[in-house]
Trainee: 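Take a look at the following structure, please.
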Amino acid sequence: MTTVRTAFALAALLLTASHTGVAQAQKVGVVNMQRALLETEDGRKAKEQLKKLFDQRQKTLDKQQDDLKAMKDNVDKQRSVLARDVWEKKAEELQKALAQLQMTYMEFQRELAAKEAEMTRPIQDRMARIVKRMGQADGYSMILDSSVVYFVPSSSDLTDVLIQRYNAGEGKEDTPAQAAKPPKPASNKAKSAK
C-alpha cells in the first residue's frame, strides 16, 4: 500500500514538473521511519515495554507447552494399559489442551500487535508533524519513507535530523490534548502589577 502511494506521489510530481513546461529541480528527502522509531528515546522505551510484555506472555506459553508435552507423554505411556474408551477420552483432552494452547498463542499475538500500535502511534504521529515542518521550512517538494526507495544519496536522508529533533522535544506542542487546553488565566501578581 505504501509503495502504491509513493508511486502515485512520484508520478504526480513528475506530471506537475512536465506540465508546467519547465522541469524545475525538485528537492526530495527521505526518512527511514522504522529506524527513527527504534532510535528515538520514546521508541526505545516502547520497545523495552513490549519486550517485557512479550517475555511474560512467552513464559505463559512455555508453561502451557510443557504441561501439554507432559500430558502427551503420560497418554502415550498409558496407551497399552488403559481401556480403549479411557485412552480415547485422555487423547480428546490432549487435543482440547492443544487447541487451547493455539488459541492462547493467537490471543497473545493480537494483544501484542494492539499494544505495539497503541504505543507507537503517538510517536509516529509526532514524527509526521516534525517531517512536515522540515519539509515546509526547508523547501522540500516531498519527503518519502525510505522503506520504498531503492536509492537515495546520503545528503537526502533526513532520518538522523528527525531523530535529533524528536529527542530534543520538537512536536510535543502540537499534540491534540495540548491544543484543546484553554489558556492559563493571568496570575494574581500580574493583575496587581497593573
Side-chain angles (χ1 to χ4, degrees), residues 1-10 30-132 143-150 152 157-160 162-163 165-167 171-172 174-180:
M1 185 71 164
T2 305
T3 305
V4 172
R5 279 187 262 162
T6 303
F8 281 131
L10 287 172
V30 297
V31 292
N32 183 326
M33 293 298 275
Q34 185 63 34
R35 182 170 74 88
L37 177 67
L38 294 174
E39 292 184 17
T40 59
E41 293 166 12
D42 290 342
R44 283 193 291 266
K45 287 176 189 174
K47 184 179 176 182
E48 288 172 16
Q49 289 176 353
L50 287 168
K51 178 155 178 22
K52 285 179 186 175
L53 180 61
F54 172 83
D55 290 345
Q56 291 171 353
R57 298 304 183 248
Q58 189 62 48
K59 284 180 185 177
T60 301
L61 288 173
D62 290 346
K63 168 112 174 63
Q64 285 184 358
Q65 193 171 9
D66 291 345
D67 293 347
L68 184 65
K69 185 178 182 320
M71 187 179 190
K72 181 185 181 312
D73 291 344
N74 190 28
V75 168
D76 288 344
K77 287 178 187 175
Q78 295 178 352
R79 183 175 189 168
S80 61
V81 294
L82 293 176
R84 182 176 177 89
D85 61 332
V86 174
W87 180 84
E88 286 176 352
K89 185 174 183 203
K90 288 190 176 278
E92 186 178 311
E93 290 172 3
L94 181 64
Q95 286 298 321
K96 286 181 183 177
L98 177 60
Q100 180 60 47
L101 176 64
Q102 291 170 337
M103 285 176 38
T104 302
Y105 172 78
M106 290 171 41
E107 178 184 319
F108 287 168
Q109 289 291 347
R110 284 191 296 269
E111 177 190 16
L112 288 167
K115 190 68 172 172
E116 180 179 21
E118 174 190 324
M119 294 176 81
T120 59
R121 189 174 304 117
I123 299 169
Q124 291 169 334
D125 290 347
R126 187 170 147 202
M127 284 183 188
R129 289 191 299 272
I130 295 169
V131 168
K132 185 176 179 180
I143 299 176
L144 306 169
D145 187 336
S146 67
S147 64
V148 294
V149 177
Y150 296 108
V152 65
D157 188 343
L158 305 172
T159 307
D160 291 332
L162 171 61
I163 293 167
R165 290 174 72 164
Y166 184 97
N167 286 339
K172 285 183 180 180
D174 294 343
T175 59
Q178 289 174 336

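Just so we're clear, the structure is a prediction, and the values are computed from it rather than from any experiment.
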Trainee: List the atom of Ala46, the atom of Met119, and the distance in Å for their closest heavy-atom pair.
Mentor: CA-CE, 3.6 Å
Trainee: Could you state the interatomic distance from CZ (Phe54) to CD (Gln109), rounded to the nearest 0.5 Å?
Mentor: 7.5 Å
Trainee: Rounded to the nearest 0.5 Å, how far apart are NZ of Lys52 and CD of Gln49?
Mentor: 7.0 Å
Trainee: Could you check whether Lys72 pairs with Asp76 (Lys NZ or Arg NE/NH1/NH2 to Asp/Glu carboxylate O, under 4.0 Å)?
Mentor: yes
Trainee: For the atom pair CG (Leu37) and CG (Leu162), what is the distance rounded to the nearest 0.5 Å?
Mentor: 10.0 Å
Trainee: Decide yes or no for Glu93 and Val75: does some side-chain heavy atom of the first lie under 4.5 Å from some side-chain heavy atom of the second?
Mentor: no
Trainee: Less than 4.0 angstrom from a charged side-chain N to a carboxylate O is my criterion; do Asp73 and Lys69 meet it?
Mentor: yes
Trainee: Between atom CD1 of Ile130 and atom CD1 of Ile143, what is the distance when rounded to the nearest 0.5 Å?
Mentor: 11.5 Å
Trainee: Is a donor on one side and an acceptor on the other found under 3.5 Å between the side chain of Thr159 and the backbone of Asn32?
Mentor: yes
Trainee: Looking at Arg121 and Asp125, is any side-chain nitrogen of the basic one under 4.0 Å from a carboxylate oxygen of the acidic one?
Mentor: no
Trainee: Taking the side chain as C-beta and beyond, is there a heavy-atom pair between Glu107 and Glu111 under 4.5 Å?
Mentor: no
Trainee: Are the side chains of Glu88 and Leu82 in contact, using a 4.5 Å heavy-atom criterion?
Mentor: no
Trainee: Do you know the tightest heavy-atom contact between Met33 and Ala128?
Mentor: CE-N, 4.5 Å
Trainee: When Lys63 is tested against each of Thr60, Asp66, Asp67 for side-chain hydrogen bond (donor to acceptor under 3.5 Å, both in side chains), which residue passes?
Mentor: Asp67
Trainee: Measuring from atom CZ of Arg126 to atom OH of Tyr166, what distance do you get when rounded to the nearest 0.5 angstrom?
Mentor: 4.0 Å
Trainee: Any side-chain donor-acceptor pair under 3.5 Å between Gln100 and Thr104?
Mentor: yes
Trainee: Atom CG in Leu98, atom CD in Gln64: separation rounded to 0.5 Å?
Mentor: 11.0 Å
Trainee: Provide the closest heavy-atom pair for Asn167 versus Glu39 in the form atom of the first, atom of the second, distance.
Mentor: ND2-O, 4.0 Å
Trainee: Using a strict cut-off of less than 4.0 Å between a Lys/Arg side-chain nitrogen and an Asp/Glu carboxylate oxygen, indicate whether Lys51 and Glu48 qualify as a salt bridge.
Mentor: no
Trainee: Compute whether any side-chain donor of one residue and acceptor of the other, for Asp42 and Thr40, lie under 3.5 angstrom apart.
Mentor: no
Trainee: Which residue is it: Arg57, Gln58, Met103? I am looking for the one with a side-chain contact (heavy atoms from CB on, under 4.5 Å) to Phe108.
Mentor: Arg57
Trainee: For the residue pair Leu38 and Lys47, what are the closest heavy atoms and their distance?
Mentor: CD2-CD, 4.1 Å
Trainee: Report yes if some heavy atom in the side chain of Arg44 is under 4.5 Å from a heavy atom in the side chain of Glu41; otherwise report no.
Mentor: yes
Trainee: What heavy-atom pair brings Val31 and Asp157 nearest, and what distance separates the two atoms?
Mentor: CA-OD1, 4.3 Å
